[in-house]
Amino acid sequence: ALPISGEEMKDLKRELEMDEHRIDLSELCDRLGTDATQGLSSTTADEYLRRDGYNELTPPKTTPEWIKFCKQLFGGFATLLWIGSVLCFFAYGMQTVTDDFPQKDNIYLGAVLAGVVLITGIFSYYQEAKSSAIMESFKSMVPTVATVIRGGSKKSIPARELVLGDVVEVKGGDRIPADLRLTAVAGLKVDNSSLTGESEPQSRSVECTSQEPLETKNLAFFRRTQSKELRRGS
């Protein structure tokens, strides 16, 4: 993961205006209409799901592949090479009009320039497509099933159906299925490297240790890999 600069980190912190990590757990449960032990009722969870939608990121609009290919062929320095190639062909055409036996240097040069642009464009497009495929493979890292407490009973549901106020239980090695306020922890560490740039796994606890959401230890964020054992969070 690329390190986040100091200014970028400050901007990210400003965007995270929240107090869920600072307020008392009972106050948070009242706000979300849940119970830290019993969790949400199935009826309430269904209502929240209809109101807020699924627990998933909205994918960005994708660029058609033919547009990506054209950008590689005609973008930046490639445009100058295309212009040079066209001028070479144009110069050869002018020579055929004025000379009975025109030299073919220009047509050879034009063909070489066009070939260079085509080859580099195809290679660049292939590299970009390969990188995009790698990024797509990261979607497999998203947890598909989550264990929740609803109505006092433990059940497994699709992670995309988690709602605000759900009491979630995560075991060692799982990925965090949503942003969680931790309510019970045993030796939990999470990998926040892609979020904060910290290379080492960070320990978590139930106490609020900072006013900043990214620095407090009682929050665990969506998709961050966790090690050891996490009991519950909501």
Side-chain angles (χ1 to χ4, degrees), residues 15-61 136-192 194-195 201-234:
E15 292 177 3
L16 290 175
E17 296 293 338
M18 56 184 292
D19 64 354
E20 285 83 354
H21 61 296
R22 299 194 301 265
I23 63 177
D24 187 73
L25 181 59
S26 60
E27 182 181 349
L28 179 61
C29 289
D30 290 340
R31 179 186 298 181
L32 299 178
T34 188
D35 182 272
T37 303
Q38 299 295 314
L40 295 170
S41 66
S42 296
T43 302
T44 303
D46 291 339
E47 291 177 359
Y48 286 1
L49 184 61
R50 288 193 295 269
R51 182 192 68 186
D52 301 328
Y54 289 113
N55 171 49
E56 57 188 5
L57 298 176
T58 302
K61 293 182 178 179
E136 285 293 319
S137 69
F138 288 162
K139 291 182 178 180
S140 62
M141 300 169 62
V142 181
T144 56
V145 178
T147 301
V148 299
I149 310 297
R150 286 186 177 174
S153 300
K154 184 186 300 186
K155 59 177 66 177
S156 295
I157 64 171
R160 66 195 299 263
E161 294 182 6
L162 287 174
V163 297
L164 284 172
D166 263 329
V167 177
V168 183
E169 185 172 290
V170 188
K171 296 179 180 180
D174 291 345
R175 295 184 181 279
I176 309 301
D179 293 342
L180 301 178
R181 160 75 182 267
L182 303 179
T183 61
V185 172
L188 171 68
K189 289 188 177 182
V190 294
D191 180 9
N192 284 340
S194 60
L195 184 63
Q202 303 299 304
S203 61
R204 301 287 96 172
S205 67
V206 297
E207 291 83 18
C208 177
T209 57
S210 174
Q211 297 297 309
E212 299 292 344
L214 293 179
E215 296 178 0
T216 186
K217 292 188 176 183
N218 64 342
L219 293 181
F221 294 101
F222 180 51
R223 292 193 186 186
R224 302 306 107 203
T225 304
Q226 65 99 1
S227 60
K228 296 192 179 179
E229 186 175 1
L230 163 66
R231 292 300 184 187
R232 290 182 180 178
S234 62

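Owing to the predicted nature of the structure, the values given are computational and were not obtained by experimental measurement.
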How far does CG of Leu180 sit from CG of Leu162, to the nearest 0.5 angstrom? 8.0 Å
Whether Tyr48 side chain and Asp166 backbone form a donor-acceptor pair below 3.5 Å: no
Over all heavy atoms of both residues, which pair between Ala220 and Leu182 is shortest? Give the atoms and the distance, please. CB-CD2, 4.1 Å
Quick check for you: to the nearest 0.5 Å, what is the distance between Ser42 atom OG and Glu47 atom CD? 11.5 Å
Below 4.5 Å, heavy atoms only, C-beta onward: do Lys155 and Val148 meet side chain to side chain? yes
Quick one: are Arg150 and Val163 in side-chain contact, heavy atoms under 4.5 Å? yes
Identify the heavy atoms of Ser210 and His21 that sit nearest to each other, and give their distance. O-CD2, 3.4 Å
OG1 on Thr183 to CD on Glu169, rounded to 0.5 Å: 9.5 Å
Would you find a donor on one side and an acceptor on the other, under 3.5 Å apart, between the side chain of Thr216 and the backbone of Thr209? yes
Quick one: CD on Gln202 to NZ on Lys189, what's the gap to the nearest 0.5 Å? 8.5 Å
Is Arg181 reaching over with its side chain to a backbone N or O of Glu20, donor-acceptor style, under 3.5 angstrom? yes
Is the backbone N or O of Ala159 less than 3.5 Å from a side-chain atom of Asn55, with the two atoms forming a donor-acceptor pair by type? yes
Asp35: what forms a side-chain hydrogen bond (donor to acceptor under 3.5 Å, both in side chains) with it, not counting sequence neighbours? none
Taken in chain and number order and not counting sequence neighbours, the residues that satisfy side-chain contact (heavy atoms from CB on, under 4.5 Å) with Glu207 are Ser205
Can you list, pair by pair, the side-chain donor-acceptor contacts under 3.5 Å of residues 22-31, counting residues two or more places apart and other chains?
unit_1: Arg22; atom_1: NE; unit_2: Gln211; atom_2: OE1; d: 3.3
unit_1: Arg22; atom_1: NH1; unit_2: Met18; atom_2: O; d: 3.1
unit_1: Asp24; atom_1: OD2; unit_2: Ser26; atom_2: N; d: 3.1
unit_1: Asp24; atom_1: OD2; unit_2: Ser26; atom_2: OG; d: 2.4
unit_1: Arg31; atom_1: NH1; unit_2: Asp19; atom_2: OD1; d: 2.8
unit_1: Arg31; atom_1: NH2; unit_2: Asp19; atom_2: OD2; d: 3.3

Steps toward side chain to side chain contact (heavy atoms under 4.5 Å, CB included) verdict (Arg51, Leu164): CA-CA 10 Å; Arg51 182 192 68 186; Leu164 284 172; 4.2 Å; yes
